[in-house]
Amino acid sequence: MRLIRFEQMGRTAYGILDGEKISVLWGLPYEGGLANTTGEVMSLPEVTLLAPCEPSKIIALGLNYRDHAAEFGNPVPDEPLIFMKPSTAVIGPDEVIVYPAMSRRVDYEAELAVVLGKTARHVPEEKAFDYVLGYTCFNDVTARDLQKKDGQFTRAKGFDTFAAMGPWIETDIGDPDRLEVEAVLNGARKQHSNTSNMVFGVATLISFISRIMTLLPGDVIATGTPSGIGPMQVGDVVEIKVEKIGTLRNQVVAERVKA
Ligand code: MG
C-alpha cells in the first residue's frame, strides 16, 4: 500500500494511493488510522504531494555502509552511529533544496528511510517490524564543508530543506535489508548500492534507537548512505530511487537571504 500526504485547495490530508486513485483518510495513518477513510476519492493530478509524514525528529545514521566508511577513511563503527536532523528540515517531492549561502559544498546522500507507525521504546529486535508503518526515499542533504569544520553534524545536516523525503510511504516492501538504492544527478547515476550492504539492518536500528529515546508515530530513521556521495550545484536535479518505493525528485536553488 502507498500512503501519501497531500495538499489540495488549501487543505492537507493523508490518503491511500492506488494507481492514480486517492482514498482520503480522516486523520493520521497511525494506530489503526488506515482503516478510517472518508469515502472521498480523488485523483493524483488533482493534488500536490507533500512529505509523506511529519516527523517529530529524524534519526540518521553515519557510516552505516562499509563502502561509504571506506571512502571517508573511517573504520566501520561497532555500534550504530546516530545523529539528528530537525523536523524543520523536511521537504517533500518536487520541493526545492536551498543551497545555503553559508556553505561551499552541499552533497546528496541517497538513503532508505523507515517511518514509525507506533510509539516505540525498548523494542527487541524480533518485534521491531511491528513498529514500522512503511518506507520512503530520503535525501540526507549535507553541507560537507561545515560537517568537516564543525566535527559534529547539527549545522551541516540541519539546514531547512536538508531532509527531502517521499514521494510516498510504501507499507509492503518485503525485506527492507534487500533493496537497491540509487542517487541520480541530472540524469547520471552517482550512487548505487543495496541495503544488504548496511552494517546495521533496519530491525537492529529500531531496537538500538528505541533503547535511547522514544520513537513516535511519524518519526523517521534515515538508514545511512552508500559510497559515491558528491556535490550538487544550484540548478541541479537530484533523484533518490529506492527499489519497490519509487523516485524522490528535487531541484537545488540558491538561498535568497532577506535583508
Ligand atoms: Mg546520511
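Read the numbers this way: they start at 1 and go in the same order the structure lists the ligands and their atoms.
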Query raised in the report: Could you go step by step and tell me if Met165 and Ile58 meet the side chain to side chain contact (heavy atoms under 4.5 Å, CB included) rule?
Result: CA-CA 11 Å; Met165 66 177 84; Ile58 298 158; 4.1 Å; yes

**Report entry** Whether Thr171 side chain and Met1 backbone form a donor-acceptor pair below 3.5 Å
**Finding:** yes

Query raised in the report: Does a donor on one side chain and an acceptor on the other come within less than 3.5 Å for Ser103 and Asp145?
Result: yes

Query raised in the report: Between Lys157 and Glu109, is there a side-chain N and carboxylate O pair less than 4.0 Å apart?
Result: yes

Query raised in the report: Got a salt bridge between Arg211 and Glu125, using NZ or NE/NH1/NH2 to carboxylate O under 4.0 Å?
Result: no

Query raised in the report: Is Asp140 salt-bridged to Lys85, going by a charged N under 4.0 Å from an acidic O?
Result: yes

Query raised in the report: If you leave out waters, which protein N, O or S atoms are less than 2.8 Å from the Mg ion (ligand 1)?
Result: Glu109 OE1, Glu111 OE2, Asp140 OD2

